4 protein chains.
Amino acid sequence: MLDAAVAVFSRRGYHAAGVDEIAEAAGISKPMVYAYLGTKEELFVACLRREATRLLQAVLDASAEEAGASAGEAGASAGEAGASAGEAGVLAEEQLRRGLRAFFGFVGAHRDGWRVLCRQARGQEPFAAEVAAMRQRMVEAVAVLLARPAGAHADDITPIAHALVGAGEAMADWVVDHPTEDPDVTAGRLMNLMWPGIARVLRP
Amino acid sequence: MLDAAVAVFSRRGYHAAGVDEIAEAAGISKPMVYAYLGTKEELFVACLRREATRLLQAVLDASAEEAGASAGEAGASAGEAGASAGEAGVLAEEQLRRGLRAFFGFVGAHRDGWRVLCRQARGQEPFAAEVAAMRQRMVEAVAVLLARPAGAHADDITPIAHALVGAGEAMADWVVDHPTEDPDVTAGRLMNLMWPGIARVLRP
Amino acid sequence: MLDAAVAVFSRRGYHAAGVDEIAEAAGISKPMVYAYLGTKEELFVACLRREATRLLQAVLDASAEEAGASAGEAGASAGEAGASAGEAGVLAEEQLRRGLRAFFGFVGAHRDGWRVLCRQARGQEPFAAEVAAMRQRMVEAVAVLLARPAGAHADDITPIAHALVGAGEAMADWVVDHPTEDPDVTAGRLMNLMWPGIARVLRP
Amino acid sequence: MLDAAVAVFSRRGYHAAGVDEIAEAAGISKPMVYAYLGTKEELFVACLRREATRLLQAVLDASAEEAGASAGEAGASAGEAGASAGEAGVLAEEQLRRGLRAFFGFVGAHRDGWRVLCRQARGQEPFAAEVAAMRQRMVEAVAVLLARPAGAHADDITPIAHALVGAGEAMADWVVDHPTEDPDVTAGRLMNLMWPGIARVLRP
DNA sequence: TATGAATGAGCCTTCATTCAT
DNA sequence: GATGAATGAAGGCTCATTCAT
């Protein structure tokens, strides 16, 4: 039922979307919408939270999953003896790349959700705070990922994480409007663009 | 008078903002708003256009201005003998840096405008198209800037420009919420982060 | 519910009548009016059409009904052998008289409707056309009635029909303001006034 | 200046006509309209009164003017010896015919005024009363004209006068929409239609 | 339980009308 | 005296939200 709501919100926008419309799209009747999810505002927040949670989870899962094909052995051997700085950097790069792949993959597969999340809710008070919180979680995750191998530059890392997330969002928007683009290619592009700078900042 | 409108739209959002409220903030009465700027929708578009135009102009002016203090000598000597690829790259870097400084400076000085422009209008049909057009102009300007010194990789440059603009926007959002941050420092941060990757992509 | 609308429109006029007022008169609330009959304009047109249709139908029915008490025998004998011109004229006279009786009867019984129909809507664009069409139907019906027994003077008959309808309307207005007047007497008056001229024009 | 107002009212209707529009059409500025003629309502009433007065005057003048070409000798000789009933009837017929000619002539020459007078103001409270009064004057004039030669049937004459005026109005409306029709022909048509009945009613 | 029907509240928009120049 | 500029007041229309069935 949230699916229907997300679809309608995505297509028409929060204000233009009528509750009638959502109810009809969900195949139920209006009072049911209120019974199940309360106010239109609460309904929208519910959509928001679900989409954001799923997205974040997908990214975190991918990033944290057992080191797979490409970085597998290195990670394993490194794990035994404590990773050197270089090895840690390679690991972070690989995690970031996997996270981005998951990110673009998710966005490509859930266009409606992304539109609701990022294009509708962002500036609309009372949702902006909600979105900001979700976004903050993502930024922090990225910051942690980047900060682990690095030394003490944590303060400098937060803005970088913001920039990285912003760049990702921008490309996600671009991907939403270019459905043929492959998520892995997009992730590769962004990595090529960003990693050199990240690496230099992390180990000056 | 647009100033008042921008302020109200920024604080309350397009839909929540009442025309009464805007009129009151502008110190005039409601019918005057309609007399001067037409419909609420037209009023919003007018705000949008003004902010976007000013922002774009500020960035373009800064980017294109006579090579100033920092890059002065290099640019001058390069101008005499025709710039080598390396020198052109240096020029582009300098232009980009100046553009970013102007960008963050403008955003910091026009917080309300930025919020309206990027946070409100982006997902709200019928304004999304307007914003998309402005943004596209910005992306193209960046793409041209980057493409000049580079060879034939123009196709790869567009997504990069998107990412760069996105990263800039994200940091702008961050700046908006951290008023103490100096625009030049922010620009420097973003340059440090992005330029190595840009340089590598441009001249692999 | 149209009844309430007709009453209010009749009392206050189209523009002076507020939708709130109509809703209150109908015992429902404003949004219901919009839900059931759409725009205020559409509501007015609906009133118009209903009143006009009823009136027209009443007149046509009365005029076309089986020759009743007064003209019964004549009609019956004429029916057998084919009516002579004189007999056809008598039939037309009788039909016209019955039509007028029905007309004045209806107007007397639906004062509000008549006021809306003829006094409000006539000059008020965008309704004038609607009323003109209804009126044209009435004029044509009269013209056909008169033309049947007559020979080829059809062109001269249209203005006569207009005049007849106009005279009828004028007396209807008069009837509306003189509730004690009996419809049959009014019809008799008008017949006495008009028929001699009609008969002379029809058979010079 | 009333001319401009009449033209605008005729074209747009009372409510649709803006005071700005009228002022512009008159070549002066809005506050002047208020200075000269007061409220919009008063302005409309002024138009109304002027048109109605002119029309009534034109009809009365024509009806009362020295017996002209056609009825000249008869009227003159009748005047000497006291008119017989028949001669009085002939005089009334002639006066009525002249009145009708003037009426249709005036309407044809002042279409705008007629539209304002009869099509707009009729049902629109607060003007209906004004129009009704004017109309009543016309009806009375006709009734007096008809009653003079007749005996004591004054009560029966009023409704007849109403019907006659109504028929005239209807043909006037028809004339307004058929500009090629000659006023004298129209008057002749109406006389042919009505006079036989009138004559019969007057002298049963 | 699920719904058709109903509504209170509010927003955009428009004029007739009047000052300050 | 004439006007450009300003406004108070009101009306049409919509929609989130809730009863009675």
Side-chain angles (χ1 to χ4, degrees), chain A residues 1 5 8 12-24 26-44, chain B residues 1 5 8 12-24 26-44, chain C residues 1 5 8 12-24 26-44, chain D residues 1 5 8 12-24 26-44:
Chain A
M1 171 159 119
V8 173
R12 307 260 285 127
Y14 174 69
H15 275 98
V19 177
D20 319 9
E21 221 169 334
I22 295 171
E24 190 182 10
I28 62 179
S29 89
K30 219 185 332 181
M32 284 299 97
V33 176
Y34 284 88
Y36 287 153
L37 291 160
T39 264
K40 184 187 178 187
E41 197 171 308
E42 291 165 336
L43 169 58
F44 192 71
Chain B
M1 170 160 124
V8 173
R12 306 264 284 130
Y14 174 70
H15 277 100
V19 176
D20 321 11
E21 216 170 337
I22 294 171
E24 192 180 9
I28 61 179
S29 89
K30 210 179 350 175
M32 281 298 96
V33 176
Y34 284 90
Y36 287 150
L37 292 160
T39 275
K40 183 186 178 188
E41 194 172 312
E42 291 166 337
L43 169 58
F44 192 71
Chain C
M1 172 160 121
V8 174
R12 305 264 283 130
Y14 174 70
H15 276 100
V19 177
D20 320 14
E21 216 170 338
I22 294 172
E24 191 181 7
I28 61 179
S29 88
K30 209 181 349 176
M32 281 298 96
V33 176
Y34 285 90
Y36 286 151
L37 292 160
T39 276
K40 183 185 177 188
E41 195 172 312
E42 290 167 337
L43 168 57
F44 192 72
Chain D
M1 173 159 120
V8 173
R12 307 261 284 126
Y14 174 69
H15 276 98
V19 177
D20 319 7
E21 220 169 334
I22 294 171
E24 190 182 9
I28 61 179
S29 89
K30 218 181 337 176
M32 283 300 98
V33 175
Y34 283 89
Y36 288 154
L37 291 160
T39 263
K40 183 187 178 186
E41 197 171 308
E42 291 164 336
L43 169 58
F44 192 71

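Quantities reported herein were computed from a predicted structural model and do not represent experimental measurements. Order of the sequence lines fixes the chain letters, A, B, ..., with proteins taken first and strands second; residue numbering starts at 1 for each chain.
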Participant: Specify the separation, in whole Å, of atom CD of C:E21 and atom P of F:dG11.
Facilitator: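 Going from CD in C:E21 over to P in F:dG11 covers 9 Å.
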Participant: Is the phosphate of F:dA2, meaning OP1 or OP2, less than 4.0 Å from a side-chain N or O of D:Y36?
Facilitator: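 Answer yes for this pair, as a side-chain N or O of D:Y36 is under 4.0 Å from OP1 or OP2.
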Participant: Take atom CG of C:L37 and atom P of F:dT14, then tell me their distance rounded to the nearest Å.
Facilitator: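 After rounding, the gap between these two atoms is 14 Å.
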Participant: May I have the distance from A:E24 (atom CD) to E:dT3 (atom P), rounded to whole angstrom?
Facilitator: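 It is 13 Å, rounded to the nearest whole Å.
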Participant: Considering just the side-chain nitrogens and oxygens of C:Y34, establish if one lies under 4.0 Å of OP1 or OP2 belonging to E:dT7.
Facilitator: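 C:Y34 to E:dT7 OP1/OP2: no side-chain N or O under 4.0 Å.
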Participant: What's the CG-P distance between B:D20 and E:dT14, to the nearest Å?
Facilitator: 15 Å
Participant: Would you kindly check whether a donor in the side chain of C:K30 faces an acceptor in the base of E:dT7, or vice versa, at under 3.5 angstrom?
Facilitator: no
Participant: Check the distance between F:dC15's C1' and A:I22's CD1 and give it to me in whole angstrom.
Facilitator: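 For the pair A:I22 CD1 and F:dC15 C1', the rounded distance is 12 Å.
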Participant: Nearest to the D:P31 side chain among E:dT13, F:dA6, E:dC19, which nucleotide is it?
Facilitator: E:dC19
Participant: F:dG11 pairs with which nucleotide, Watson-Crick or G-U wobble, both distances below 3.5 Å?
Facilitator: E:dC12
Participant: Quick one: which of A:I28, A:L43, A:I22 gives a side-chain contact (heavy atoms from CB on, under 4.5 Å) with A:M1?
Facilitator: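 Only one option passes, and that is A:I28.
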Participant: Using Watson-Crick or G-U wobble geometry with both distances under 3.5 Å, which nucleotide pairs with F:dT3?
Facilitator: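 Pairing partner: E:dA20.
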Participant: May I ask you to decide if the ring planes of D:Y14 and D:F44 are parallel, tilted or perpendicular, using 30° and 60° as cut-offs?
Facilitator: tilted
Participant: With a 3.5 Å distance limit and no angle check, can you tell me whether C:K40 reaches the backbone of C:G18 through a side-chain donor-acceptor pair?
Facilitator: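 No; zero donor-acceptor contacts below 3.5 Å.
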Participant: What is the nucleic acid contact for D:A17, judged by heavy atoms within less than 4.0 Å: base, sugar-phosphate only, or nothing?
Facilitator: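 Sugar-phosphate, backbone atoms only, no base.
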Participant: Which nucleotide, E:dA5, E:dT17, E:dT7, lies nearest any side-chain atom of D:K40?
Facilitator: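 For the D:K40 side chain, the nearest candidate turns out to be E:dT17.
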Participant: Name the residue closer to the 5' end of DNA chain E, choosing between B:H15 and C:A35 according to the nucleotide with the nearest heavy atom.
Facilitator: C:A35
Participant: Using heavy atoms to find the nearest nucleotide of DNA chain F for C:Y14 and B:I28 separately, return the residue whose nucleotide is more 5′.
Facilitator: B:I28
Participant: Starting at CD of B:E41 and ending at C1' of E:dC11, how long is that distance when rounded to a whole Å?
Facilitator: 15 Å
Participant: Taking atom P of F:dT17 as reference, at what distance in whole Å does atom CZ of A:F44 sit?
Facilitator: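 For the pair A:F44 CZ and F:dT17 P, the rounded distance is 14 Å.
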Participant: Between NZ of A:K30 and CD of A:E24, what distance do you get to the nearest 0.5 Å?
Facilitator: 11.0 Å
Participant: Under 4.0 Å between a side-chain N/O of D:T39 and OP1 or OP2 of E:dT17, yes or no?
Facilitator: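 For D:T39, the contact criterion (side-chain N or O under 4.0 Å from OP1 or OP2 of E:dT17) is met.
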Participant: Rounded off to whole Å, could you give me the CE-to-P distance for the D:M32 and E:dA16 pair?
Facilitator: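 Result: 17 Å.
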Participant: Do D:E42 and D:L37 make a side-chain contact, defined as non-hydrogen atoms from C-beta onward lying under 4.5 Å apart?
Facilitator: no
Participant: What nucleic acid atoms does C:A23 come within less than 4.0 Å of, heavy atoms only: base, sugar-phosphate, or nothing?
Facilitator: nothing
